[in-house]
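In the text below, chain A, chain B and the rest are named by the order of the sequence lines, each starting its count at 1.
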There are 2 protein chains.
Amino acid sequence: MHYTRDNMAGLLRSHDINPTHQRIEIAHALFSRQEHLSADQVMAIVNTRHSETSKATVYNTLKLFLEKGLVREVIVDPSKVFFDPNTSPHHHIYEVDTGKLSDIDAEHVQISGLPPLPTGMVTEGIDLIVRVRRAS
Amino acid sequence: MHYTRDNMAGLLRSHDINPTHQRIEIAHALFSRQEHLSADQVMAIVNTRHSETSKATVYNTLKLFLEKGLVREVIVDPSKVFFDPNTSPHHHIYEVDTGKLSDIDAEHVQISGLPPLPTGMVTEGIDLIVRVRRAS
DNA sequence: ACAGCAATCTGGACTTTGTCTAATATCCGG
DNA sequence: CCGGATATTAGACAAAGTCCAGATTGCTGT
């Protein structure tokens, strides 16, 4: 299945998002690349094409996608948030010197021995980040 | 053992840090509380006392402490970095609605099944963050 | 077609966190 | 007490993100 703009409209609708021109472009930027992009990068990509999309819209749209479960937020760099079109359970490897971020499939990763949560709390998600750097 | 300012001087020296007045105050803020503090919070605490410490010094000092292994950085909130005086291996629970951050001792937590690292890479650290919220 | 209305988009001002710089202050050895 | 290295400072700056009031878009019913 390819990530055409038409398919993006369907994807948005299936997540209860009104598929506007700008939203389709932003979704396309994320899904056609299958990469982790910052808001900045999304804006740059979307604005190399014909139509201009404002900063406010990029941020609003990414937040909307997040709420609707279309993308995931990855917080590894203190200076910017990355948005991840892969919402299946997985973890991340972060190369601290280059900023490169890649996925680890959660399928074979086992985390055991976590203490019980405080009462009345539910888990929203577990983020596992392996920070690596080039051996010196 | 109490976290007096005198003991802070020793702690700093043992980490190869010249114990100046400002550095002692900042270390004291972190270690006497044993809490996760942001740069902002550190500055607020340090400046309620007699002496004023500039923003630049607070940031410089926290970065220095980080390099010297005196504190650890915790990246869970896109808008600010927390500094953790606990450098022993441990993980974190983050309450997404309140911003409260607490420790999970790593002793009994087992993480298995991680894939091999790309060649030439070494692990700098593994961050495990359990994001929780009040059940609704 | 088109008036009315809700949803969306926009530029730009604003906030916050953090960095940088050049000048000043402090400390220490001789 | 001089001189150099180390530390601190105020304030300008940068980057990410938020907010708002006004303009656009795209339905809906007639």
Checklist line | Pairs where residues 27-46 of chain A contributes a residue and the test ring pair (Phe, Tyr, Trp, His ring centres under 6.0 Å) is met, not counting sequence neighbours | finding: A:His36-A:His92
Checklist line | Spacing of A:Met43 atom CE relative to C:dC9 atom C1', expressed in whole Å | finding: 14 Å
Next item on the list: Can you check each nucleotide of nucleotides 9-21 of chain D against protein heavy atoms at under 4.0 Å and return B for base, S for sugar-phosphate only, - for none, in 5' to 3' order?
Entry: BB-B---SBBB--
Check: Considering residues at least two apart in sequence or located in another chain, which fulfil the ring pair (Phe, Tyr, Trp, His ring centres under 6.0 Å) criterion with B:His15?
Finding: none
Checklist line | Remaining members of the apolar cluster that contains B:Ile75, side-chain heavy atoms under 4.5 Å | finding: A:Ile75
Next item on the list: Could I get the full list of side chain to side chain contact (heavy atoms under 4.5 Å, CB included) partners for A:Pro19, not counting sequence neighbours?
Entry: A:Ala9, A:Leu12, A:Arg13, A:Ile24
Next item on the list: Would you mind building the protein contact string for nucleotides 23-30 of chain C? One character per nucleotide, 5' to 3', B for base within reach (heavy atoms under 4.0 Å), S for sugar-phosphate only, - for untouched.
Entry: --------
Check: Is there side-chain contact between B:Phe82 and B:Glu73, with heavy atoms separated by less than 4.5 Å?
Finding: no
Next item on the list: Output every pair passing salt bridge (Lys or Arg N to Asp or Glu O under 4.0 Å) with a member in residues 122-136 of chain A, not counting sequence neighbours, ordered by first then second residue.
Entry: A:Glu124-B:Arg133, A:Asp127-B:Arg131, A:Arg131-B:Asp127, A:Arg133-B:Glu124
Item checked: d(CG, A:Asp77; P, C:dT17) in whole Å -> 17 Å
Note to self: Could you tell me how far apart A:Leu12 (CG) and C:dA7 (P) are, to the nearest whole angstrom?
What the structure shows: 18 Å
Checklist line | Protein-nucleotide distance (A:Ile26, atom CD1; C:dT10, atom C1'), rounded to Å | finding: 13 Å
Notebook entry, point to check: Distance check: side-chain N/O of B:Thr20 vs OP1/OP2 of D:dT6, anything under 4.0 Å?
Noted result: no
Next item on the list: Give me the other members of the hydrophobic cluster that A:Ile104 sits in, counting Ile, Leu, Val, Met, Phe, Trp and Tyr linked by side-chain heavy atoms under 4.5 Å, directly or via other members.
Entry: A:Ile93, A:Val109, A:Ile111, A:Leu114, A:Leu117, A:Met121, A:Ile126, A:Leu128, A:Val130, A:Val132, B:Ile93, B:Ile104, B:Val109, B:Ile111, B:Leu114, B:Leu117, B:Met121, B:Ile126, B:Leu128, B:Val130, B:Val132
Margin query: Quick check against the 3.5 Å criterion: does A:Gln41 have a side-chain atom that pairs as donor or acceptor with the backbone of A:Ser38?
Written below: yes
Next item on the list: Measure the distance from CG on A:Leu62 to P on C:dT8 and round it to the nearest whole Å.
Entry: 15 Å
Check: Expressed in angstrom and rounded to an integer, what is the separation of A:His21 atom NE2 from C:dT8 atom C1'?
Finding: 13 Å
Check: Expressed in angstrom and rounded to an integer, what is the separation of A:Arg23 atom CZ from C:dC9 atom C1'?
Finding: 10 Å
Note to self: According to side chain to side chain donor-acceptor pair (under 3.5 Å), does anything in residues 56-66 of chain A pair up with another residue at least two apart or in another chain? List the pairs.
What the structure shows: A:Ser54-A:Thr57
Note to self: Just the rounded figure in Å: distance from C1' of C:dG18 to CD of B:Glu73.
What the structure shows: 12 Å
